[in-house]
Amino acid sequence: MKYLLIIIAVLFFTCLIFDKLAKTSKYQLFGQYFTKIKTQEPVVALTYDDGPNPPYTEQLIDVLNQLGVKATFFTIGQNIEAHTQTIQKLIANEHEIGNHSYSHQKLIWKTPAFVRSEIERTDELLQNLGVQQEILFRAPYGYKRFTLPYILNQMQKKNILWSVDPKDYKEANPEVIASHVISNVTPGAIILLHDGGEPGATVAATEIIVRKLQTQGYKFQTVSQMLNQC
Ligand SMILES: [Zn+2]
């Protein structure tokens, strides 16, 4: 009885630790995933999740254009269907468009068929709108566990996570968002921001981040451009 309790306790804590690891951005069971890119060059990637979402995505396109910067937008299938014109603007302005699932559910405790369909439906939508390059994926909420990495590995799809997360979705002050990013970037950093939801301060924060990091010598690239260098 005593040994049984010890075995149960060990199993419980092992599961707990593994579960914790699987939910962080720092670990994935199999397949290719990136939280940042290994490089000594002063390059970073801005990424925006949960769009397309007018008018914020358009505002970002305008600001990024003024700054001469290309970014990566991880888009949700349902939003692509609702805002086709915004995706077309992103394509026309040569930003990279990634896949952030079809319906933005946590892809854990889901069947392999469901997980695969969440990825394939969004890829298909983007391809039908003219996206030709390899479409990178980002797990909703960064949650991975077992099934998603298994399916991504089967599909030979890269999971792009992040190394800098200023939690812009709950911060109203653009200076606070920007100073978190500026003090945490390193060469090859992937910066997580959002154009989905109500990103009131993200557009203004983007301008501060880009101007400040450019004075420090940083260049901005899409995630694919950074991946091609490593
Ligand atoms: Zn998301």
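Indexing begins at 1, ligand by ligand and atom by atom, following the structure's order. Numbers here simply count residues along the sequence, with the first being 1.
- Within 6.0 Å of atom NZ in Lys212, 12 or fewer heavy atoms from other residues, nucleotides or ligands are found, so the atom counts as exposed in its surroundings.
- The Zn ion (ligand 1) sits nearest to atom OD1 when only the N, O or S atoms of Asp50 are considered.
- Relative orientation of the Phe73 and Tyr48 rings is parallel, given thresholds of 30° and 60° on the angle between their planes.
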Check your understanding: Passes salt bridge (charged side-chain N to carboxylate O under 4.0 Å, His left out), Glu207 versus Arg211? Steps please.
Key -> CA-CA 6 Å; Glu207 192 166 352; Arg211 290 196 192 284; 3.2 Å; yes

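- His100 contributes NE2 as its N, O or S atom closest to the Zn ion (ligand 1).
- Nearest heavy-atom pair, Gln105 versus Tyr141, reported as atom, atom and distance to 0.1 Å: C-CE1, 4.3 Å.
- Using a cut-off of 2.8 Å, one finds that His104 contributes an N/O/S atom close to the Zn ion (ligand 1).
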